[in-house]
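Just below is one structure, and these are the notes that go with it.
Chain identifiers are assigned alphabetically (A, B, ...) following the order of the sequence lines, protein sequences preceding nucleic acid strands; residue numbering begins at 1 within each chain. Predicted model, so just to flag it, every value in this text is computed and none were measured.
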Number of protein chains: 2
Amino acid sequence: MTPQKLTETLRQKGICPTAQRVAVYEYLLTHRTHPTADTLYHALVKDNPSFSRTTVYNTVHVLAKAGLIRVLTIDADEQHFDAFMGEHGHFWCACCEKLFDFSLSADTASSLVSDGFLVETSDVYATGVCPACQAKVKK
Amino acid sequence: MTPQKLTETLRQKGICPTAQRVAVYEYLLTHRTHPTADTLYHALVKDNPSFSRTTVYNTVHVLAKAGLIRVLTIDADEQHFDAFMGEHGHFWCACCEKLFDFSLSADTASSLVSDGFLVETSDVYATGVCPACQAKVKK
DNA sequence: TAATACTTTTGTAATGATTACAAATCTGTT
DNA sequence: AACAGATTTGTAATCATTACAAAAGTATTA
C-alpha cells in the first residue's frame, strides 16, 4: 500500500493522518509479526527521536476503534497488534512464546448473531506447542 | 458436586486438595460469573480471614495447568476465570462491561490440528453490545 | 508419636504494562 | 498571521500480577 493510499484510508475512517499514525499503521501493515507496544515504540523511535510510548497507545486505540487493526489479548502480559483483518485465528506457543496465525474454516460468530448479540470484534485464540517446538522436544 | 467429589477430582489431577484450593474450585463451579482474582479474594476471605491474594493466583494457575479451569484474557485489564469447560465462547459487552457465555457450533480447532499445532487450550472471544444494552439505547 | 522433608500459604515488596494529565506542538481555517 | 481544536510528548501515577522468604501445613518414615 502506498503512503498516499494509507493516508486516504485513515481519512476515510475520519482519522487525521498524522505522521505518527501513518507510521504506526504502515509498520503494522508491513510487519505481520503481531508486535507489542514496546516493539512498535522501539521500531519507530529510530526515525523520529521524539516519538513517545503514549503516542503508540493513543494511535493503536484510534486504529482499533476504527476497525483498522485488532488488539490481541491472547498474551496476558502484553497486548499485541495486528493490521491483517482477514478471518484468521491466533496461536500462542507456550514453548517459544511466539504468536502464529492460523486459517479459520468460517462462521465463528454466526451463533452469536442468532442470540441477539451485536458483534464488533471476534477472535479465536489457541495455545499449545507449535510444530517447530514439537520437533525440538522429540530430538 | 459434593465436597468429596471435588477433593477426588483434584487428587486425580495430582493436586493436593487443600482447603483453599477446594474453596476456589468450588466457588468457580458454583458461580458461573467469570470472576476476577479480586472477586475470588473478597468472596473467600470472608470464611477464612488469613486467605491471601497470592493464594488466589497460585491456585488458579494450578487449576488451569491441570485443565480444570480456563483463564480468560478477553478483558485486557483483568484475568477472569471459568470452571465450565464445555465448548462455549465468551462475549464482552463494551457497554455494560459484563462477560457472557455463548454457544459454539463446533470444530473451532480442527484446522489447527491439521496444520501440525498441538492444541492445549482454545477460546473464542467476541466483543460488541449485548441484547440488554441494545434495548437500552433504543429507548 | 516424633522427626523429617516437602509442599503450600501468607504478607510484603517489587515489577512493569498501561493510563492520566497538562504543557507543548501541530493542523486546518479565517 | 491568528485562532481554535486536535495531537503529541514526557512524566508521574495506577494497579493487576509476580517474586520472595518466612511461617504453617501435610505426608512419610521409623
For B/Tyr41 and D/dA16, give me the distance from atom OH to atom P, rounded to whole Å.
->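 Computing the B/Tyr41:OH to D/dA16:P distance gives 13 Å.
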
Starting from P on D/dA16, measure out to CD on B/Gln79 and report it in whole angstrom.
->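 About 12 Å, once rounded to whole Å.
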
Which residues satisfy the salt bridge (Lys or Arg N to Asp or Glu O under 4.0 Å) test with A/Arg21, sequence neighbours excluded?
->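 Salt bridge (Lys or Arg N to Asp or Glu O under 4.0 Å) list for A/Arg21, sorted by chain: empty.
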
Those residues that, when tested against A/Arg32, pass salt bridge (Lys or Arg N to Asp or Glu O under 4.0 Å) (two or more places apart) =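 Here the qualifying residues are A/Asp101.
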
Are B/Leu68 and B/Val62 side-chain neighbours, meaning at least one heavy-atom pair lies under 4.5 Å?
->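 B/Leu68 vs B/Val62: side chains apart.
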
Is there side-chain contact between A/Asp82 and A/Val71, with at least one heavy-atom pair below 4.5 Å?
->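 No - every pair of side-chain heavy atoms lies 4.5 Å or more apart.
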
Between residues 68-75 of chain A and DNA chain C, which residues have a heavy-atom gap below 4.0 Å?
->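 Heavy-atom cutoff 4.0 Å gives no residues at all.
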
Could you identify which residues of residues 42-64 of chain A place a heavy atom less than 4.0 Å from some atom of DNA chain C, listed by residue number, or say none?
->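 Contacting residues: A/Thr54, A/Tyr57, A/His61.
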
What ring-ring contact (aromatic ring centres under 6.0 Å, His included) pairs are there with at least one residue in residues 9-39 of chain B, not counting sequence neighbours?
->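 Counting only pairs at least two positions apart or across chains, the ring-ring contact (aromatic ring centres under 6.0 Å, His included) contacts touching residues 9-39 of chain B are B/Tyr27-B/His31, B/His34-B/His90.
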
Taking [Y]'s backbone N and O only, do any of them form a donor-acceptor pair with [X]'s side chain (distance below 3.5 Å, no angle check)?
{"X": "A/His88", "Y": "A/Gly86", "value": "yes"}
{"X": "A/Thr9", "Y": "A/Lys5", "value": "yes"}
{"X": "A/Thr30", "Y": "A/Glu26", "value": "yes"}

Report the residues that fulfil ring-ring contact (aromatic ring centres under 6.0 Å, His included) with B/Tyr57, sequence neighbours left out, ordered by chain and then residue number.
->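 Here no residue qualifies.
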
Identify, with sequence neighbours excluded, every residue that meets ring-ring contact (aromatic ring centres under 6.0 Å, His included) alongside B/Phe100.
->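 Expected list: A/Phe117.
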
Can you find a side chain N or O atom of B/Gln20 that sits less than 4.0 Å from OP1 or OP2 on C/dT10?
->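 Checking B/Gln20 against C/dT10: at least one side-chain N or O falls below 4.0 Å of OP1 or OP2.
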
What residues form a side-chain contact (heavy atoms from CB on, under 4.5 Å) with A/Glu120, not counting sequence neighbours?
->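 For A/Glu120, the residues satisfying side-chain contact (heavy atoms from CB on, under 4.5 Å) (neighbours in sequence not counted) are B/Thr127, B/Val129.
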
Got a sec, which residues hit side-chain hydrogen bond (donor to acceptor under 3.5 Å, both in side chains) with B/Ser50, two or more places apart in sequence or on another chain?
->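 Once residues adjacent in sequence are excluded, the partners of B/Ser50 under the side-chain hydrogen bond (donor to acceptor under 3.5 Å, both in side chains) criterion are B/Asn48.
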
For the helix from C/dT1-D/dA30 to C/dT30-D/dA1, how many degrees between its two end axes (five pairs per end), to the nearest 10°?
->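 The angle separating the two end axes equals 30°.
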
In the 5'-to-3' direction, what one-character label does each nucleotide of nucleotides 21-29 of chain D receive under the scheme B = base within less than 4.0 Å of a protein heavy atom, S = sugar-phosphate only, - = no such atom?
-> ---------

Pair listing, side chain to side chain donor-acceptor pair (under 3.5 Å) test, anchored in residues 63-78 of chain A, at least two apart |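 Residue pairs passing side chain to side chain donor-acceptor pair (under 3.5 Å), neighbours aside: A/Arg70-A/Asp123, A/Asp75-A/His80.
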
